[in-house]
There are 2 protein chains.
Amino acid sequence: MITLSASEELQYLVDFDLLSKLVVGIGEVSDITGVPTRQIRYWEDKGILQSTKEAEGATRKYDYLSVKKILLIKELLDDGYTLDAAAKKVEARMKNVNEAFMKLAKPTKDEG
Amino acid sequence: MITLSASEELQYLVDFDLLSKLVVGIGEVSDITGVPTRQIRYWEDKGILQSTKEAEGATRKYDYLSVKKILLIKELLDDGYTLDAAAKKVEARMKNVNEAFMKLAKPTKDEG
DNA sequence: ACAACAATTGTAGTTTAGTTACAATTAGTG
DNA sequence: CACTAATTGTAACTAAACTACAATTGTTGT
């Protein structure tokens with residue numbers, strides 16, 4: 001039996017380069033999070049979220065981290081936080097994860 | 001400094017329950033993999049791929065593992081394999097990863 | 001060369017998903 | 001109740017995806 005280090009096991013199982021490219025539509029995000037599409041657009045208009053919308057009229061796409069963020073904001077709202085406060089808190093809370101992703105999502109040759 | 005085990009670090013960084021729900025449209029898959037949408041549908045018609053298409057006329061969605069599979073098949077095709085041979089080889093090659101995902105993608109309470 | 005099969009590609013016409021840009025409504029606070 | 005925060009509704013439009021035909025291109029054996 002071979003024992004792998006944490007980061008070895010991680011990279012063996014999850015292709016972060018691919019993961020970072022897995023962007024889903026707003027309807028899918030709504031299904032996953034339970035937050036209505038209308039509300040997701042509203043949050044985005046307020047500057048709380050960023051989607052990968054490249055041009056006017058183009059469809060919004062959300063990556064793993066954005067969806068995670070929406071889930072966390074929703075939790076805090078249910079807890080009684082205001083939207084701005086929730087957004088701020090989540091921003092801080094996700095800082096570590098964001099950084100880890102940046103490092104891991106660098107393009108690499110596929111290893112299966 | 002706190003040291004985490006492999007699976008602890010993994011679960012801290014990646015929410016597999018969420019990851020398993022991140023399903024992308026066929027256009028996105030085409031962008032990611034470089035395989036034309038027409039070809040993806042063809043592979044699916046042949047039974048080599050499975051999308052989460054729930055009804056006739058509904059749009060196909062692909063999860064992480066499906067996209068990974070497409071990437072691997074494409075590689076083998078470029079290498080000279082026939083489609084069927086490539087599909088078979090990839091099936092075997094992904095068995096471990098598939099199993100690991102099944103275990104990890106069980107719904108859990110969100111931990112940030 | 002050519003038959004036979006594997007693999008891919010083209011596209012017209014239709015459906016589904018997502019967009020904007022208005023405005024209206026609901027909830028909380030001094 | 002005035003004021004702001006937060007959400008919601010929807011009409012008219014655009015983008016993305018679907019099916020179901022058929023045609024084309026590549027490979028292999030005789």
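Nothing here was measured: the structure is a model prediction, and the numbers come from that model. Throughout, a chain's letter reflects where its sequence line sits, starting with A, and its residues are numbered from 1.
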What's the [atom1]-[atom2] distance between [X] and [N], to the nearest Å?
X     : N      : atom1 : atom2 : result
B:L83 : D:dT25 : CG    : C1'   : 15 Å
A:D31 : C:dT16 : CG    : P     : 16 Å
A:Y42 : D:dG9  : OH    : C1'   : 15 Å
B:E28 : D:dA16 : CD    : C1'   : 11 Å
B:D84 : C:dT8  : CG    : P     : 10 Å
B:D78 : C:dA7  : CG    : C1'   : 14 Å

Say you draw a straight line from NZ of A:K69 to CG of A:L71; how long is it, rounded to the nearest 0.5 Å?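 Those atoms lie 13.0 Å apart.
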Looking only at side-chain N and O atoms, does A:Q39 come under 4.0 Å of OP1 or OP2 in D:dA6?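 It does not, given that no N or O in the side chain of A:Q39 lies less than 4.0 Å from OP1 or OP2 of D:dA6.
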May I ask you to verify if any side-chain N or O of B:W43 is less than 4.0 angstrom from the OP1 or OP2 atom of C:dA7?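 Answer no for this pair, as no side-chain N or O of B:W43 is under 4.0 Å from OP1 or OP2.
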Hey, what are the protein-to-nucleotides 18-20 of chain D N/O distances that come in under 3.5 Å?
residue, atom, partner, partner atom, Å
D:dC18, OP1, B:R60, N, 2.5
D:dC18, OP1, B:R60, NH1, 3.2
D:dC18, OP2, B:R41, NE, 2.9
D:dC18, OP2, B:R41, NH2, 2.8
D:dC18, O5', B:R60, NH1, 3.4
D:dT19, OP1, B:K53, NZ, 2.5
D:dT19, OP2, B:R60, NH1, 3.0
D:dT19, OP2, B:R60, NH2, 2.9

So, are A:R41 and A:D45 salt-bridged, with charged N and O less than 4.0 Å apart?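 Not counted as a salt bridge, because no side-chain N and carboxylate O are separated by less than 4.0 Å.
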Under a 4.0 Å N-O cut-off, is there an ion pair linking B:D84 with B:K46? yes
Give [X] one of three labels, base, sugar-phosphate or nothing, depending on what nucleic acid heavy atoms sit under 4.0 Å from its own.
X     : result
B:I48 : nothing
A:L77 : sugar-phosphate
A:T82 : sugar-phosphate

Between [X] and [Y], is any pair of side-chain heavy atoms under 4.5 Å apart?
X     : Y      : value
B:D63 : B:L19  : no
A:E99 : A:K103 : no
B:L22 : A:I32  : yes
A:Y64 : A:V24  : no

Excluding sequence neighbours, so at least two apart, what forms ring pair (Phe, Tyr, Trp, His ring centres under 6.0 Å) with A:Y62?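 With neighbours one apart ignored, the set is empty.
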Counterpart residues, ring pair (Phe, Tyr, Trp, His ring centres under 6.0 Å), relative to B:Y42 (two or more places apart):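 Listed in chain order: nothing, the list is empty.
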Between the protein and nucleotides 26-30 of chain C, list every N/O to N/O distance that falls short of 3.5 Å.
none

Residue pairs passing the side chain to side chain donor-acceptor pair (under 3.5 Å) test where at least one lies in residues 48-59 of chain A, sequence neighbours excluded: A:E44-A:S51
Checking B:N96 against B:F101 for the side chain to side chain contact (heavy atoms under 4.5 Å, CB included) test, could you report, in this order, the C-alpha distance in whole Å, the side-chain angles of both residues, the deciding distance, and whether it holds? CA-CA 9 Å; B:N96 294 334; B:F101 261 78; over 6 Å; no
For nucleotides 26-30 of chain D, tabulate all protein N/O to nucleotide N/O atom pairs closer than 3.5 Å, reporting atom names and distance.
none

